There are 2 protein chains.
Amino acid sequence: MRPTVHDIAAAAGVSLATVDRVLNQRPGVRHVTREKVETAIRELGYIRDVAAANLAKGRTYPLVFILPASDNSFMHGLNAEIRQAVLRSPAERTDIRIVEVPAFDPAALVSVLEGLSREKPCGIAMVATDAPEVRAVVDRLVRERFPIVTLVSDLTGSLRHHYAGVDNIAAGRTAARLLGRFLGPRKGEIAVLAGSMLVRDHRERLEGFAAVMAEEFPDLAILPVLEGRDDPEVAHRLVADALGNAGIVGIYSLGAGNRGLIRALKEKAVDRTLTVVAHELTAHTRAALIDNTIDAILNQDAGHEVRSAIRILKAKADGLAVIAAQERIRLDIFLKDNLP
Amino acid sequence: MRPTVHDIAAAAGVSLATVDRVLNQRPGVRHVTREKVETAIRELGYIRDVAAANLAKGRTYPLVFILPASDNSFMHGLNAEIRQAVLRSPAERTDIRIVEVPAFDPAALVSVLEGLSREKPCGIAMVATDAPEVRAVVDRLVRERFPIVTLVSDLTGSLRHHYAGVDNIAAGRTAARLLGRFLGPRKGEIAVLAGSMLVRDHRERLEGFAAVMAEEFPDLAILPVLEGRDDPEVAHRLVADALGNAGIVGIYSLGAGNRGLIRALKEKAVDRTLTVVAHELTAHTRAALIDNTIDAILNQDAGHEVRSAIRILKAKADGLAVIAAQERIRLDIFLKDNLP
DNA sequence: CTGTTAGCGCTTTCAT
DNA sequence: ATGAAAGCGCTAACAG
């Protein structure tokens, strides 16, 4: 039988209350007493029963998710996954609130974060907008002991505890190798469609992509980036225009708004064979993969990101460890054969 | 505040014990009483606190993992992941035992399973050997209400509750498309290295591979399968021999024993450019991917498989639901750019 | 058939 | 600074 607080109390010759104070690092215990208890804990190999502790405390985990109010499939999916987590709240003792902020608006994000420090959630998950003022509040909140994880888009150089998202440089590199290998000996130009070069994940994907292209596929030239603002209409216009260029042999779509990309491809692609790699598995990209309009999709599993963020925030709140491998967000590569 | 058993008891005008009997579907409750309690449960929106119940019961989950005693990296990794889970046992209330059986030996597996029914574990995870007599015991155990999940290799047509592993047909198809696309316009022959055509996962991978090759890459011809018995030495000899054939442009290694494959490739590949797709990320395949000996690795995450099997067995034992998306074992595709 | 009571392992008053 | 006792939500004897 596993030792319990009773066993520790008996072994140390103190009461339950004292054991509890030591366990929870609460004040009001003489140094020698504390020592005795800690020794007993060590010698008996005591492992605390977190479930029992939570029951006694009636503990819940108030968490806040801060998302950009962007109207694209990926953010909708992310939102849906959080709402799924809300449904599981009773069992997981969480109490999750979603806060939407205007996209790409550091000031708005900062003011939401400041407001949050008042209501004392036990954890914050946020899709970060990469700006110095955001970094500053995040660092302040972390110093005030709020567990914070970034979601999908990181805030490098900040003190956030964890990043629940894919390695976007690796994603860009992978896209480049897939395109390069799929194109084989063909020479030509590659169009790149991004949302905005102002967001870090898009910049990083481009960086990785350009690096591998330059290193390994010198016969393929990257055209100036098209910024579609993650908007299907804009993306459609940009891509339709670009396809006027007969030298294009491939496209890398590293942001959202793929609906517009796909429409443009279908309008123009009758006569040509383009190789296309896009990000994020949605109803549209899935259909395009199946009908060969897209050759490969790189994806991040929003459900995994949300569940991971929750596990990590809870663990941080309790000072517990996590299973690192379980929290690694993979870059999923989908061909038409391995779709979920 | 969430309603508790006390609230239900009060609302239904019965005692705690009766509520508990209804909750746990135990006998000894009049039909009308049961109705009253069930109504109260429904009306108050009662949700049971599993953690509290487990505390009261002192519940633990005795689980058994049955693995083939195969000496290859993948099985070693799987074993290691289970041992990791054993270390987490105190927190997860599990009590995990690993049983090794001779590989590819249905009779041995059957006798272990029969022995198990005596010791009443609350769940069994097994790497299945696909044979009728195994199916028969598994079906019998399932009927006797043992939760059973197959791990890595499935037992199709059986009553097992769940399969924690990848879709091997999809894996074979994916391998074919990667090889085909990477080879582009090249024509030639493809060597296939398998462990044994007697195990289902290998057969299925080959099946998927051959299907896509035939449908979409008619210029590539599949050579007769080399059966390396998942043994590096045998694999080395077979591949070294095969490479004498100058027509070979690609290799698909769908089993284990890649150490031998890699050695053969390094010995012979100076003068040629082979495209190689292999299964399972190990220290050897990882190094080979990085030095361009292998072009892509298909992988199944053994840690995920083990954690998933445990979650599912526990849920089944309690009659609880799982998060389906979380339990889907993906086919990971690794290029040198997205290695973990 | 139904109810009473004493815990499970831990936390939390409230005394001392 | 320390301890006694009650209780978190649920289950398990044991009575009736």
Side-chain angles (χ1 to χ4, degrees), chain A residues 1-41 44-61 89-93 95 122 317-320, chain B residues 1-41 44-61 89-93 95 122 317-320:
Chain A
M1 215 45 202
R2 264 169 65 182
T4 74
V5 273
H6 289 93
D7 303 317
I8 305 299
V14 299
S15 74
L16 289 187
T18 300
V19 174
D20 187 67
R21 286 191 263 264
V22 174
L23 244 33
N24 294 288
Q25 339 205 52
R26 269 189 286 267
V29 183
R30 248 186 325 165
H31 191 251
V32 278
T33 319
R34 182 169 299 258
E35 298 272 79
K36 274 194 302 188
V37 175
E38 273 161 358
T39 307
I41 289 177
L44 299 194
Y46 170 78
I47 300 168
R48 185 207 197 117
D49 184 330
V50 188
N54 282 344
L55 172 59
K57 283 197 279 228
R59 200 209 205 306
T60 59
Y61 300 83
S89 278
E92 302 182 346
R93 308 188 91 95
D95 175 12
C122 84
D318 294 337
L320 261 43
Chain B
M1 214 45 205
R2 263 169 66 181
T4 74
V5 272
H6 291 91
D7 302 317
I8 305 299
V14 298
S15 75
L16 287 188
T18 301
V19 173
D20 186 65
R21 288 187 188 100
V22 174
L23 244 34
N24 294 289
Q25 340 205 55
R26 271 190 284 267
V29 184
R30 250 189 321 166
H31 191 252
V32 279
T33 320
R34 181 169 299 254
E35 298 271 82
K36 274 195 301 188
V37 175
E38 274 162 358
T39 308
I41 289 175
L44 299 195
Y46 170 79
I47 300 168
R48 185 207 198 119
D49 184 330
V50 189
N54 282 345
L55 173 59
K57 284 197 282 226
R59 199 209 206 307
T60 59
Y61 300 83
S89 278
E92 302 182 346
R93 309 188 88 93
D95 174 13
C122 83
D318 294 337
L320 261 43

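A quick note: this is a predicted structure, and the numbers were derived from the prediction, not measured. What's counted below: heavy atoms across the whole structure, side chains too, no hydrogens, waters or symmetry copies. To find a chain, count down the sequence lines: A is the first, B the second, and so on, and within it residues start at 1.
- Two residues are said to be in side-chain contact when any heavy atoms from C-beta on lie closer than 4.5 Å; B/Asn24 and B/Arg48 meet this criterion.
- With hydrogens and angles disregarded, a donor-acceptor distance shorter than 3.5 Å links the side chain of B/Thr39 to the backbone of B/Glu35.
- Whole-Å rounding puts the A/Arg34 CZ to D/dT2 C1' distance at 13 Å.
- Put simply, CZ on B/Arg21 is 11 Å from P on D/dA12, counting in whole angstrom units.
- Between B/Arg48 and the phosphate of D/dG9, there is no side-chain N or O to OP1/OP2 separation shorter than 4.0 Å.
- Here A/Arg93 pairs with B/Asp49 in a salt bridge; the nearest charged N to carboxylate O distance falls below 4.0 Å.
- Residue-level contact check: A/Asn24 touches the backbone only, with heavy atoms under 4.0 Å from sugar-phosphate atoms and none from bases.
- Rounded to an integer number of Å, the gap from NZ of B/Lys57 to C1' of D/dG9 is 12 Å.
- Separating the CG atom of A/Leu55 from the P atom of D/dT11 is a distance of 12 Å, rounded to the nearest angstrom.
- Note: CZ (B/Arg2) to C1' (D/dC10) measures 12 Å, nearest angstrom.
- One atom, CZ of A/Arg93, and another, P of D/dC8, lie 13 Å apart when rounded to the nearest Å.
- When all heavy atoms of B/Pro3 and B/Tyr46 are compared, the closest pair comes out as O-CD1, 3.4 Å.
- Using a 4.0 Å heavy-atom cutoff across all strands shown, B/Asp49 reaches sugar-phosphate atoms only and no base atom.
- Each of A/Asp20, A/Val37, A/Leu23 was checked for a side chain to side chain contact (heavy atoms under 4.5 Å, CB included) with A/Ile8, and the lone residue meeting it is A/Val37.
- Positionally, the nearest nucleotide of DNA chain C for B/Arg30 lies more toward the 5' end than for the other of B/Arg30 and A/Tyr46.
- Protein chain B contacts DNA chain C over a range whose 5' and 3' limits, counting nucleotides with an atom under 4.0 angstrom from a non-hydrogen atom, are C/dC1 to C/dG9.
- Considering only side-chain N and O atoms, A/Thr18 lies nowhere under 4.0 angstrom from the phosphate OP1 or OP2 of D/dT2.
- Look at B/Arg59 and B/Asp318 and you find a salt bridge, because one of the NZ, NE, NH1 or NH2 atoms lies within 4.0 Å of a carboxylate O, short of that distance.
- To the nearest 0.5 angstrom, A/Ser15 atom OG is 6.0 Å from A/Arg21 atom CZ.
- If you check residues 3-14 of chain B against DNA chain D, the residues with a heavy atom closer than 4.0 Å are B/Thr4, B/Val5, listed by number.
- One atom, CG of A/Leu16, and another, P of D/dA6, lie 13 Å apart when rounded to the nearest Å.
- In this structure, A/Gly58 reaches neither bases nor backbone, as no heavy-atom distance under 4.0 Å exists between it and the strands shown.
- Interatomic distance, A/Arg34 CZ to A/Ile41 CD1, rounded to the nearest 0.5 Å: 10.0 Å.
- A straight line from CZ of A/Arg26 to P of D/dT2 spans 14 Å, rounded to a whole angstrom.
- Nucleic acid contact for A/Ala17: base, since at least one base atom lies under 4.0 Å from a heavy atom of the residue.
- Atom-to-atom distance recorded for B/Leu55:CG and A/Asn54:CG is 11.5 Å, nearest 0.5 angstrom.
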